[in-house]
Amino acid sequence: MSPYKHKKVISIGTVNELTGLSLRQIRYYEERELIYPERTKRGTRKYSFSDVETLLQIADKREEGVQTYEIRKDLQSSHKGKMMERMLRGQLNAHFRMNK
């Protein structure tokens, strides 16, 4: 994935416009540990494009009636799978002296 996708530069107002979620819903999903925005020194939340995608997935699942604790479980297992894949790729690259 591109590094820009994970840079935390988007304000909550912009996320609201992009996703159609209310500010309260976005904050609630943060409280439920479904997303992790960064905070500026003044406490302003900053989101990434990846966070926006995650919020859209959350909204879709909530519309289907999936509870937030179930979504969190799914997100956690997804993150673990991606981390394992990166670790394996790194080990293979190191073993075969590949740059990618």
Side-chain angles (χ1 to χ4, degrees):
M1 284 186 206
S2 301
Y4 83 89
K5 195 171 190 177
H6 300 288
K7 279 192 134 180
K8 306 274 187 172
V9 295
I10 305 169
S11 70
I12 194 169
T14 303
V15 172
N16 162 256
E17 290 180 39
L18 290 170
T19 63
L21 296 169
S22 70
L23 300 178
R24 180 67 198 121
Q25 285 174 304
I26 297 167
R27 291 182 189 115
Y28 176 73
Y29 295 145
E30 178 186 356
E31 289 170 13
R32 300 297 295 162
E33 298 180 355
L34 301 176
I35 55 168
Y36 302 92
E38 288 182 3
R39 299 278 185 139
T40 65
K41 290 179 183 177
R42 292 182 150 186
T44 304
R45 291 172 174 86
K46 292 292 182 178
Y47 300 85
S48 67
F49 287 104
S50 180
D51 292 330
V52 172
E53 288 177 356
T54 300
L55 283 166
L56 291 170
Q57 292 171 358
I58 292 167
D60 288 343
K61 288 180 181 183
R62 291 292 294 141
E63 283 184 16
E64 295 170 2
V66 180
Q67 299 296 315
T68 55
Y69 73 90
E70 294 173 287
I71 296 170
R72 183 173 47 249
K73 260 181 26 182
D74 289 345
L75 289 172
Q76 288 171 342
S77 65
S78 171
H79 290 305
K80 285 180 185 176
K82 289 177 186 176
M83 187 179 354
M84 289 284 287
E85 182 181 325
R86 283 191 300 247
M87 287 173 47
L88 288 172
R89 186 177 299 128
Q91 290 173 347
L92 288 170
N93 290 345
H95 180 75
F96 293 106
R97 299 186 192 333
M98 299 171 69
N99 292 332
K100 291 188 178 182

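Both backbone and side-chain heavy atoms feed into the values below; hydrogens, waters and symmetry mates do not. The structure displayed is predicted, hence computed values, not measured ones.
Atoms CD and CD, on E64 and E70 in that order, are 11.0 Å from each other to the nearest 0.5 Å. Note that CD1 of I26 is 7.0 Å distant from CD1 of I35, once rounded to the nearest 0.5 Å. Here D51 contributes atom CG and K46 contributes atom NZ; the two are 12.5 Å apart, rounded to the nearest 0.5 Å.
Distance alone, capped at 3.5 Å, is enough to place a donor-acceptor pair between the R72 side chain and the R32 backbone. Remark: side-chain polar atoms of K8 are paired, donor with acceptor, to backbone N or O of Y36 under 3.5 angstrom.
Between R45 and R27 there is a side-chain heavy-atom pair separated by less than 4.5 Å.
Each of T19, L75, L34 was evaluated against T54; a single residue qualifies, L75, per the side-chain contact (heavy atoms from CB on, under 4.5 Å) test.
Both L56 and L21 sit in one connected hydrophobic cluster of ILVMFWY residues. Membership requires side-chain heavy atoms under 4.5 Å apart, directly or through other members.
In terms of heavy-atom proximity, R62 sits nearest to Y29 at CG-OH, 3.5 Å. A pairwise comparison of heavy atoms in N16 and S22 identifies ND2-CA, 3.7 Å as the closest pair. S48 and I10 make their closest contact through C-CD1, 3.8 Å (heavy atoms, listed as atom of the first residue, atom of the second, distance). Minimum heavy-atom separation, Y47 to P37: CE2-CB, 3.4 Å.
Taking E53 as the reference, K5 meet the side chain to side chain contact (heavy atoms under 4.5 Å, CB included) condition, with sequence neighbours excluded. E31 meets the side chain to side chain contact (heavy atoms under 4.5 Å, CB included) test with R24, Y28; sequence neighbours excluded.
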